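The first residue in the sequence is number 1, and the count goes up from there. This one's a predicted model, so the numbers in the text were calculated from it and none came from an experiment.
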Amino acid sequence: TQGARATEAHGQRRPNGAPAARVPFATDDAATSADDRTAARAKLEQRHMQLSLERDRLQAEYSRMPISSGRTLEVRERKASLEARLEALHAELGDINLRLRV
């Protein structure tokens, strides 16, 4: 047949001589995968925004605290917890930034 000759002419035969299956370039799976990637990226961007807002709020609170350790145990503990949370936010934001670059 003419179709068989066309695939033979282009070398699209399997080793056993059977014609190669034709697969469309853009399949529904590819579209779904792209939609999933877009949704995952949007979710990462949303998380980045939330963490950035939290970081800004905590930095503002930290900057209003006294430079020294503070007079009361409560102030010293709050300052230490702010520092720890800011470090964790910095690490998480860095991780998200790396994933968003790809």
| query | How would you list all residue pairs meeting salt bridge (charged side-chain N to carboxylate O under 4.0 Å, His left out) that involve residues 82-99, not counting sequence neighbours? | reply | R47-E92, E54-R85, D95-R99

| request: Just grab all the salt bridge (charged side-chain N to carboxylate O under 4.0 Å, His left out) pairs involving residues 71-80, residues at least two apart or on different chains. | output: E61-R78

| request: To the nearest 0.5 Å, tell me how far Q46 CD sits from K43 NZ. | output: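 That separation rounds to 11.0 Å.
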
| What pairs with E45 under salt bridge (charged side-chain N to carboxylate O under 4.0 Å, His left out), at least two apart in sequence or on another chain? | R41

| query | Of all residues at least two apart in sequence or in a different chain, which pass the side-chain hydrogen bond (donor to acceptor under 3.5 Å, both in side chains) check with D56? | reply |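 Testing D56 for side-chain hydrogen bond (donor to acceptor under 3.5 Å, both in side chains), a comparison that skips the adjacent residues, returns none.
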
| note | Hits for side-chain hydrogen bond (donor to acceptor under 3.5 Å, both in side chains) against Q59, two or more places apart or cross-chain, chain-then-number order -> none

| task | Please go through L73's hydrophobic cluster and name the other residues, only I, L, V, M, F, W, Y counting, with side-chain heavy atoms under 4.5 Å joining them. | result |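 Grouped by the 4.5 Å side-chain rule, L73 forms a cluster of one, so the answer is none.
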
| Side-chain cluster (under 4.5 Å, hydrophobic types only) that V75 belongs to, other residues |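 Under the 4.5 Å side-chain rule, V75 groups with L44, L51, L58, Y62, M65, L82, L86, L89, L93, I96, L100.
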
